[in-house]
Colleague: 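Quick one: the structure is below, questions incoming.
These values consider heavy atoms only, across backbone and side chains, with no hydrogens, waters or symmetry-generated copies. Throughout, a chain's letter reflects where its sequence line sits, starting with A, and its residues are numbered from 1. Everything numeric here is computed off the predicted structure, so don't read it as measured data.
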Number of protein chains: 2
Amino acid sequence: MGNNAHFEPPRGMRDFYPEAVAARNALFDAWTQSSRLFGFSQYDACVVESLELLKRKRGDEIVEQIYAFKDKSNRDLALRPEMTPTLARLIAARQGQLAFPLKWFAIAQCFRYERMSRGRKREHYQWNLDVVGETALAAEVEVLACAAHALRELGLGSGDYKIHINSRALLADLLTHSGVAPAFHPATFLALDKRGKQEDADTLRALKAAALDDNAIAAVFRIMGLQSLEEVRQLFGGEQPALTALQTLFQLLAEYGLGDIAWFDIGIVRGLDYYTGIVFEAFDAERQFRAIFGGGRYDNLLSDLGGAPMTAVGLGFGDVVIAELLAEKGRLVAQQTKLDYAIGYMDDSQRSAALRLAQAIRRTGQSVDVALHAEKPKQFFARAGKGAFQKAIYVGPDDVARGTVRIKNLDERTEEERSLTELLG
Amino acid sequence: MGNNAHFEPPRGMRDFYPEAVAARNALFDAWTQSSRLFGFSQYDACVVESLELLKRKRGDEIVEQIYAFKDKSNRDLALRPEMTPTLARLIAARQGQLAFPLKWFAIAQCFRYERMSRGRKREHYQWNLDVVGETALAAEVEVLACAAHALRELGLGSGDYKIHINSRALLADLLTHSGVAPAFHPATFLALDKRGKQEDADTLRALKAAALDDNAIAAVFRIMGLQSLEEVRQLFGGEQPALTALQTLFQLLAEYGLGDIAWFDIGIVRGLDYYTGIVFEAFDAERQFRAIFGGGRYDNLLSDLGGAPMTAVGLGFGDVVIAELLAEKGRLVAQQTKLDYAIGYMDDSQRSAALRLAQAIRRTGQSVDVALHAEKPKQFFARAGKGAFQKAIYVGPDDVARGTVRIKNLDERTEEERSLTELLG
């Protein structure tokens, strides 16, 4: 008791004091405005989900990291680690009524129990953009263009980050073509996903553990060395459907004005097992931070849940990495906006005038912080002059007697006398 | 599997499809705009709190209803049932740096494991308004005036609801004056808080269970029969500090223009044990629903946590009752806003023009839903004409050849021809 440790939030969770809310709101506004500009509709769901939904057909790391608990009726519940299974549930529940393709977005708090390290929290907010029920590659391009728009709103352009793009379908075809049988693909994807974060020797060990033979392992490393779509074409010895799709995607991205941001990168695999087609991750140009956003096409999530089969493209964009990147670039400029008016008064006989003035100004849509008790002019102006207000009105006995008040413009250091009766409307 | 029950959210939790998000955002906007108009700064904290913080010094019903769980390091965590202990924690952590009085607000999701009944969910969103570090009654009036402003923004005026106001200090003084010793007050408050929801016989049983003797019980019922501050004055036989405070409060409320909404109501007690002074609850005029909002003054929460003693006034305003009330009054009119443009195209040779047009219009700050694949004009206009768009542009081969497009205004049923080059900027 009395110990500051008592005042900390739970480990890995964040408090948001007003200055932090202002920064968070600036990010949420960029996400929301970009979503609306691109015609995405907002949906949401409770952060508490059924554990069964989140575990369904998932054997990967994310299940280990779920905050799970039981309610008082012994139901298995969990704090969602990601939004996509919930999105699939919502769509499956109304699959007959909804019009497809649909474009939805959410800003969702998600929880993962992870070991704590730089930039790792146990909760974060994630912007989710999804296009559901559209096979055309324009779906991928719309979510990428929308995310790029949000980054531009936040002050980041083509010199600041790159979108790394690959295709799980292409990777699967390359593996099969190189003699790695489909049965080994899921384990191979899992091993490759960790590649950026570990030594090649660890990847090798993981591939051996997945029972790949030496020829298969050599093929995997050869594929990982591919630098361009031209090299992919040479390996196949000609055109090929997954390759053609990627080429079309890059052409569409160029038409959207995103040609200089999008790169082919065979190393992008994505850990989540539901991706089936194009996958992508955006990184800062210097690769100092984890991915800014990531996502791709997933074909089986709705049918896995018991819905009708339906393809979808999703993108997840968290609030932690972007905040680090903006801070590093000195572009985190969100400030608390100034209030329009501070109103103070000298003694209780001006209280009524001050309160009525505050209410009258608020009715015009302008914000007012009115003093909660009488104070001397020196105290009032010291408080009002700290940069939080545009204008200040101090009501003294003479003002009430004359029926006027002086409005001080604190930025311009000017003053204007106005009739109290007129202001009170 | 395939069963719709699989697609339901966990019991007591809500999904928010786009139309529900639009309604929720309209409410959140009214809360946020009113908070800003009254000079409250937004704060927030994670929905996961330490169980210890929430249980501290609390023996009441709310502790029974906490969703509690352990993390993988065996920490006792919980989904917060209310925001006030978290607010107290945040303030205690920075009590030396913050400037008081402070006015903060939050919109916080809160969880309670309750038996399910009409209007009862296991989660809700709650608008919290708090003034911390101000003894003057203007603190109470500011939070009440701010809540009244939000209700007016939502279309509810003085005929639609009343704010019922009492004072726990007054109630304690009345009990003591009538011979009920202070040791019996907490149990008495708890019994009285349930009074609106149960028969007098149940209240009687609860008071007997709290070991009140027959004289004390008779005194409690006599006090509960008081109808006005004048009757209170008569019972005391003159003026008295808690009574004077209430009289001043009603005078201030009149100065704020809230005189016709505020009522004295001896029956308002509030279940939460931390209230010490003025308490209030707002009800619809017909008393059909539970409280729209409630709150009061609490003096000991910061010191209970180990902080320096500091008085505060808080108000909590949930999203469920207000939605029921607005629906009942037919004033829930939030609709999804129309997008500015729908753009479609006939075949892939117009795709590039359509996509570039979409991007150019978005750069001007107008929203565009661009078709993700080619479609016939009939399909496009059927889709675009369903009321979700202001304007529609359909790009055909002739348009691209001529270098013009026709912008159809769907509301006005007018059409305008524009140069494609000019639109593409």
Colleague: Quick check on A:Q366 against chain B: is it the side chain, the backbone, both or neither that has a heavy atom closer than 4.5 Å?
Modeller: backbone
Colleague: Can A:D369 and A:R362 be counted as an ion pair, charged N to O under 4.0 angstrom?
Modeller: no
Colleague: May I ask you to name which of A:L339, A:V368, A:I361 has the most heavy-atom pairs under 4.5 Å with chain B?
Modeller: A:V368
Colleague: Relative to chain B, which segment of A:P101 carries a heavy atom at a distance below 4.5 Å: side chain, backbone, both, or neither?
Modeller: side chain
Colleague: Side chain, backbone, both or neither: which part of B:F38 has a non-hydrogen atom closer than 4.5 Å to chain A?
Modeller: both
Colleague: Side chain from CB out, backbone as N, CA, C, O: work out which of these in B:Y113 comes under 4.5 Å of a heavy atom of chain A, or both, or neither.
Modeller: side chain
Colleague: Let me know if A:E49 has heavy atoms under 4.5 Å from chain B in its side chain, its backbone, both or neither.
Modeller: both
Colleague: Which pair of heavy atoms, one from A:L79 and one from A:I66, lies closest together, and at what distance?
Modeller: O-CG2, 4.3 Å
Colleague: Assign the ring pair B:F69 / A:F69 to parallel, tilted or perpendicular, where the plane angle (0 to 90°) is split at 30° and 60°.
Modeller: parallel
Colleague: Less than 4.5 Å to any heavy atom of chain B: does that hold for the side chain of A:K386, its backbone, both, or neither?
Modeller: neither
Colleague: With a 4.5 angstrom heavy-atom cut-off, is it the side chain or the backbone of A:Q33 that approaches chain B, or both, or neither?
Modeller: neither
Colleague: How far apart are the closest heavy atoms of B:R80 and B:M83, and which atoms are they?
Modeller: NH1-SD, 3.5 Å
Colleague: Verify, without hydrogens or angle tests, whether B:D319 (side chain) and B:Y125 (backbone) share a donor-acceptor contact under 3.5 angstrom.
Modeller: yes
